[in-house]
Amino acid sequence: MTPTFTPVALEHASRLLNHGPTVLVTSAQGGRRNVMAAAWSMPVEFSPPRIAIVIDKRTFTRELIAASGCFGVCIPGAALADLTFAVGSCSGREGDKFARFGIAALAGPVLGVPLIEAGCAAWMECRLIPERHTEDAYDTCFAEVVAAAADARVFSSGRWDLRADNAELHTLHHLGAGNFARAADVVRARPL
């Protein structure tokens, strides 16, 4: 079959690359806490482990992160698609989303940030690396991961293990307009 390529509008070009998992970003400061969904995150360094995540500067989450210098990144499983969309569709300025949506949180072991385990495949506790230019110009926050944990049913020995019996923990990938794809099929490469 001959490929049939058609132009992609440049405002949608990032969607061609953005297949990483949708994450839940948690934050807290001074008795206030929040959780939001984010689709743009990535690793940037192995050792020490560092990540980058795009969080709009106008959000309540960014306000809490700027004040506390830390945040959590929780990786929701497919079973949390509705909750992920819900927390990404309203502002924490309107009230505590943990309470509103009945989300149980535990305190991170190093920084004490709220972390979510129920329905999530993994979490990371992160310390913000201040980079004013990228934060202001591109809404990109860099952080060092100071603690991490994963559900052994889906991630162990440094590898993802996606199977039919752990489908509720397969990662979510936001495609836009409230549509998610679930990481489902694993294709194992063979030497050529």
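These figures come from a predicted structure and were not determined experimentally.
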Visitor: Check whether Asn166 reaches the backbone of Leu169 with its side chain - one donor and one acceptor, N or O, closer than 3.5 Å.
Guide: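 No, the answer is negative, given that no donor and acceptor are paired below the 3.5 Å cut-off.
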Visitor: Hydrophobic side-chain clustering at under 4.5 Å (ILVMFWY, transitive links): who's grouped with Val113? Put none if nobody.
Guide: Leu106, Val110, Leu111, Leu115, Trp123, Val146
Visitor: Side-chain heavy atoms under 4.5 angstrom apart, residues restricted to Ile, Leu, Val, Met, Phe, Trp, Tyr: same cluster for Phe101 and Met36?
Guide: no
Visitor: May I ask you to say whether Arg159 pairs ionically with Asp161, meaning some side-chain N is under 4.0 Å from a carboxylate O?
Guide: no
Visitor: Less than 4.5 Å apart, side chain to side chain, heavy atoms only: is that true for Thr22 and Phe180?
Guide: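 With C-beta onward as the side chain, the pair touches.
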Visitor: For the side chain of His170 and the backbone of Arg182, is there at least one donor-acceptor N/O pair under 3.5 Å apart?
Guide: no
Visitor: Could you check, using the six-membered ring where one of them is a Trp, whether His133 and Tyr138 have ring centers closer than 6.0 angstrom?
Guide: yes
Visitor: Would you say Trp40 ends up clustered with Ile129 if hydrophobic residues are merged whenever their side chains have heavy atoms under 4.5 Å apart, either directly or through other cluster members?
Guide: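 Cluster IDs for Ile129 and Trp40 differ.
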Visitor: With clusters defined by side-chain heavy atoms of hydrophobic residues (ILVMFWY) lying less than 4.5 Å apart, directly or transitively, does Val145 cluster with Phe142?
Guide: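 Cluster IDs for Phe142 and Val145 differ.
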Visitor: Please name the pair of heavy atoms, one in Ala183 and one in Leu162, separated by the smallest distance, quoted to 0.1 Å.
Guide: CB-CD1, 3.7 Å
Visitor: Mind checking the OG1-CZ spacing from Thr171 to Phe155? Nearest 0.5 Å is all I need.
Guide: 11.5 Å
Visitor: Kindly give the heavy-atom pair with the smallest separation between Val54 and Ala38, and that separation in Å.
Guide: O-CB, 4.3 Å
Visitor: Do Ile51 and Val25 share a hydrophobic cluster (ILVMFWY, side-chain heavy atoms under 4.5 Å, transitive)?
Guide: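 Same cluster.
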Visitor: Hey, can you pull the donor-acceptor pairs under 3.5 Å for the side chains in residues 59-80, sequence neighbours left out?
Guide:
from  : atom 1 : to     : atom 2 : distance (Å)
Thr59 : OG1    : Asp56  : O      : 2.8
Thr59 : OG1    : Arg62  : N      : 3.1
Thr61 : OG1    : Asn34  : ND2    : 2.8
Arg62 : NH1    : Ile55  : O      : 2.6
Arg62 : NH1    : Asp139 : OD1    : 3.4
Arg62 : NH2    : Glu135 : O      : 3.3
Glu63 : OE1    : Arg93  : NH1    : 2.6
Glu63 : OE2    : Arg32  : NH1    : 3.1
Glu63 : OE2    : Arg32  : NH2    : 3.2
Ser68 : OG     : Leu64  : O      : 3.0
Ser68 : OG     : Cys70  : N      : 3.3
Ser68 : OG     : Cys70  : O      : 3.1

Visitor: Count the heavy atoms belonging to other residues, nucleotides or ligands that lie under 6.0 Å from CG of Asp82, then report whether that count exceeds 12.
Guide: no
Visitor: Does His173 reach the main-chain N or O of Gly20 with its side chain, forming a donor-acceptor pair under 3.5 Å?
Guide: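 Yes, His173 side chain to Gly20 backbone: donor-acceptor pair under 3.5 Å.
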Visitor: Cys90 vs Lys97, test: side-chain contact (heavy atoms from CB on, under 4.5 Å). Steps then yes/no.
Guide: CA-CA 9 Å; Cys90 61; Lys97 288 192 260 183; 3.5 Å; yes
Visitor: Taking Asn179 for the side chain and His174 for the main chain, is one N or O donor matched with an acceptor at less than 3.5 Å?
Guide: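 Answer holds: no.
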Visitor: If you compare all heavy atoms of Arg33 against all heavy atoms of Ala99, which two are closest, and at what distance to 0.1 Å?
Guide: NH2-N, 4.1 Å
Visitor: Check whether more than 12 heavy atoms from other residues, nucleotides or ligands sit under 6.0 Å from atom CZ of Arg50, and answer yes or no.
Guide: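 Buried by this count: over 12 neighbours within 6.0 Å.
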Visitor: Verify, without hydrogens or angle tests, whether Glu144 (side chain) and Cys126 (backbone) share a donor-acceptor contact under 3.5 angstrom.
Guide: no
Visitor: Treating Thr26 as the side-chain partner and Pro114 as the backbone partner, does any N or O pair qualify as donor plus acceptor under 3.5 Å?
Guide: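 Checking the backbone N and O of Pro114 against the side chain of Thr26, a donor-acceptor pair under 3.5 Å is found.
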Visitor: With the 4.5 Å side-chain cut-off for hydrophobic clustering, are Met124 and Ile53 part of the same group?
Guide: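 Met124 clusters together with Ile53.
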